[in-house]
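These numbers come from the heavy atoms of this one structure, side chains and all, not from hydrogens, waters or symmetry mates. Chain letters run A, B, ... following the sequence lines, proteins first, then strands; residues in each count from 1. Treat the numbers as computed from the prediction; the structure is a model and nothing was measured.
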Amino acid sequence: GAVVSQHPSWVICKSGTSVKIECRSLDFQATTMFWYRQFPKQSLMLMATSNEGSKATYEQGVEKDKFLINHASLTLSTLTVTSAHPEDSSFYICSALATYAYNEQFFGPGTRLTVL
Amino acid sequence: ELKVEQNPLFLSMQEGKNYTIYCNYSTTSDRLYWYRQDPGKSLESLFVLLSNGAVKQEGRLMASLDTKARLSTLHITAAVHDLSATYFCAVDRGFGNEKLTFGTGTRLTIIP
């Protein structure tokens, strides 16, 4: 149990376009999901908390208008990188909070975004 | 602001040797996690430590937690090549706040 998927696993796009990344909890419901960003050879940085049925909360320094988050159901959160630029190229990882497992976070496989 | 530091950042060790990775955090936390990350991959959960004095072991890895010192250790016994990876500790923000702050990571290379 506790499987989290992400789609796509990798994406290449042109500068100025928008990219949507999906995060799904496959075998449990998650009212809370988290989005992280990881630059090469660096640690994970929390970007935002995605809450089902309400607005996402963003960490300090993260542009909410650039990184749009929608948590429309108990098993799906989406992150849209709007008007992407090369500096947005990164590894994006989501996690889902499993309340049945003492609120442990289960991580998706990640999405590698390259903006040309 | 919660800060999480790991050391060493890089560790190259021979097979069969023992070593310890350290994780220090700056403020009260409810839980501490250890994860493994292979190149190009996401995180694999290793341990969750909940209370002072907690010790967990899985194979050649053993993790411990000292909440008074705000210190966790990940001990590697008789290292094998398969353990080569980057290891991260992470702590939540305490008082029921499950947001995680990750350590800097330790890149471990096991040399035959």
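- Summarising the local packing, CE of M13(B) is surrounded by more than 12 heavy atoms from other residues, nucleotides or ligands at distances under 6.0 Å.
- Of the atoms belonging to Q6(B), not a single heavy atom falls under 4.5 Å from chain A.
- Heavy-atom pairs under 4.5 Å with chain A peak, among P39(B), A90(B), G103(B), G105(B), at G103(B).
- In this structure, no portion of T111(A) lies under 4.5 Å from any heavy atom of chain B.
- A salt bridge does not link K3(B) to E5(B): none of the charged nitrogens lies less than 4.0 Å from a carboxylate oxygen.
- The contact between L44(A) and chain B is made by backbone and side chain atoms together, counting heavy-atom distances below 4.5 Å.
- Of the atoms belonging to L100(B), heavy atoms from both backbone and side chain fall under 4.5 Å from chain A.
- The closest donor-acceptor contact from the side chain of Y58(A) to the backbone of F67(A) lies under 3.5 Å.
- Within the 4.5 angstrom heavy-atom criterion, only side-chain atoms of S45(B), from C-beta onward, approach chain A.
- Heavy atoms of Q6(A) lying under 4.5 Å from chain B are absent altogether.
- Chain B forms more heavy-atom pairs under 4.5 Å with one residue of N103(A), L46(A), T49(A) than with any other, namely N103(A).
- For K41(B), the part lying under 4.5 angstrom from a heavy atom of chain A is the backbone only.
- You'll find the side chain of W35(A) stays beyond 4.5 Å of the side chain of V62(A), heavy atoms only.
- Comment: R36(B) does not engage E58(B) in a salt bridge, judged by the lack of any side-chain N to carboxylate O separation of less than 4.0 angstrom.
- Between L26(A) and R24(A), some side-chain heavy-atom pair lies under the 4.5 Å cut-off.
- For chain B, the nearby part of Y36(A) is the side chain; its heavy atoms alone come within less than 4.5 Å.
- Side-chain contact between C89(B) and V4(B) is present, with heavy atoms from C-beta onward closer than 4.5 Å.
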